[in-house]
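Only one structure is covered here, and it is reproduced in the block below.
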Amino acid sequence: MKIALFSSKPYDEKYFNRENKFNHQITYFSAHLNTQTLSLAKGYEAICVFVNDKITREMIANLAKNGTKYIALRCAGFNNIDIKACEEFQIKVCRVPAYSPYAVAEHTVALMLTLNRRIYRAYNRVKEGNFALDGLLGFDVHGKTVGIIGTGKIGECYAKIMHGFGTRLLFFDPFENPKCQELGKYTDLDTLFKESDIISLHCPLRPETHHLINDESIAKMKNKVMILNTSRGALIDTKALIKGLKGATIGSVGLDVYEEEAELFFEDCSDTIIQDDDFMRLTTFPNVIITGHQAFFTSTALSNIAETTLQNLDDLEYDRLCLNLVE
Ligand code: NAI
C-alpha cells in the first residue's frame, strides 16, 4: 500500500521503517496535513497522521476525490478528525488505541513528583552552587487523596502506581473499571473536586469533557490542589487555570498537553517570538511545569505505534477484520 505519513519526525521514520514487515511504500512528509499540504496526499491510498493534524470535512472530501481510502491515526485520540465526514466519503479511519498506557501513566507520576519536590528548581540551584532549601518544600504523597478522571487503560495504570504510594483514590468515569473498583472508590465529579489533593485527567476530549476544568470546577477544589493533565489540552480552560494559579487556589500544575498546542508542540520554536500569551503566562509560574506532549514518548510506545498502524493498514488492504477501526 502507498502511504503518505504526515508530521513525520526522524524517530517516526526510524520506527516505521523498522516495523514495516508488510513492505508498504511509505513516503514521509515532515509537514502537517492541512489545506496547504493536502495536495501531497494525492494518489496515496492511505494517509497516516498524528495528534495535531486537524482534518476537516472539506479536506476529507478532497482526500476521497484524490483516491485516499484510509486514514491511519498513529495515536489513540481521534478528536482531530471529522469522523462523520469520513463515513460520508467512505474513508475508513483506524487508530492505535493502546501503545503504552504505562508510558503515559509513568510520565504523569514524573510530573507529579517533579512538581511536588520542585526538582526543576533544585537541579538548577545545585548546578549554580546554591544549596538553600527555601522554595523547595513538598508534601508526602502518601496518605493524600488522588482524584482520577477517566479510568480507562492509562487511568488504571496511574491508579495502580498511586495505590502503591499509599494514597486514597477517588475515581470518576461513566463506566466503572472493576480493576479500579478494587483500588479506590467511584464518586461523582463534585466530590472528587472537593476531596482531592491531586487531580489527574485521563479521559478523552469530547464535547462533554471540553473545559471540564473551568472557573466553576476550580472553585469547588481544595485549596492548593495539584492538577495534572496528560490527556488532551482542551479538557482545561487555560484562562480559568491561570486565574486559579494567580489566586493561589491551585497549588501546582503539571501539563503535558495544552489547548493550543498545535501551534507549538513538536517543533523547535526557541528562535521565534511565541505569540500565545496564555501559554507564556503559564511558563512564568514557579509552580507550573509543562512538557511538550511527550508522555507517550518511549521506545516501547514508538515500536507499538508503528507496528499497530502498519498492521491496521494491512488488515484494511486485505479486507481482514481490523480491530482498531474508528466507527
Ligand atoms: P481509554 O479509552 O482506555 O480510557 C478513557 C476513559 O475515559 C474510559 O474509561 C471512558 O469511559 C472515560 N471517559 C469517557 N468520558 C468521560 C467523562 N466524561 N468523564 C470521565 N471519564 C470519561 O483511553 P486511554 O488509553 O486511557 O487514554 C486516555 C486519554 O489519554 C486519551 O483520550 C488521550 O487523549 C490521552 N493520551 C495522551 C497521550 C500523551 O502522550 N500525552 C498519549 C496517549 C493518550
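Note that ligands are numbered from 1 as they come in the structure, with each ligand's atoms numbered from 1 the same way.
Heavy atoms from both the backbone and the side chain of Phe172 come within less than 4.0 Å of ligand 1. The proximity of Arg206 to ligand 1, defined as any non-hydrogen pair under 4.0 Å, is limited to the side chain.
For residues 152-181, every residue pair satisfying the ring pair (Phe, Tyr, Trp, His ring centres under 6.0 Å) rule, not counting sequence neighbours, is listed here: Tyr158-His202, Phe171-Tyr186. Counting only residues at least two apart or on different chains, the ring pair (Phe, Tyr, Trp, His ring centres under 6.0 Å) pairs with a member in residues 234-277 are Phe50-Phe266, Tyr258-Phe279, Phe266-His293.
Of the candidates His202, Glu208, His210, it is His202 that places a heavy atom closest to atom 28 (C) of ligand 1. Looking at Ala76, Ser231, Ala295 and measuring to atom 35 (C) of ligand 1, the nearest heavy atom belongs to Ser231. Selection from Leu205, Ile154, Asp256 by nearest heavy atom to atom 24 (P) of ligand 1 gives Ile154. Of the listed residues (Thr291, Val51, Thr230, Asp173), the one carrying the non-hydrogen atom nearest atom 37 (C) of ligand 1 is Thr230. For the residues Cys75, Gly292, Gly152, Pro101, the heavy atom positioned nearest atom 4 (O) of ligand 1 is part of Gly152.
Summarising the local packing, NZ of Lys42 is surrounded by 12 or fewer heavy atoms from other residues, nucleotides or ligands at distances under 6.0 Å.
Separation of atoms CG (Asn116) and CG (Asn287) is listed at 12.0 Å; rounding is to 0.5 Å.
For Lys220 and Phe193, the positive end is not near the middle of the six-membered ring at less than 6.0 Å and at most 45° from its axis.
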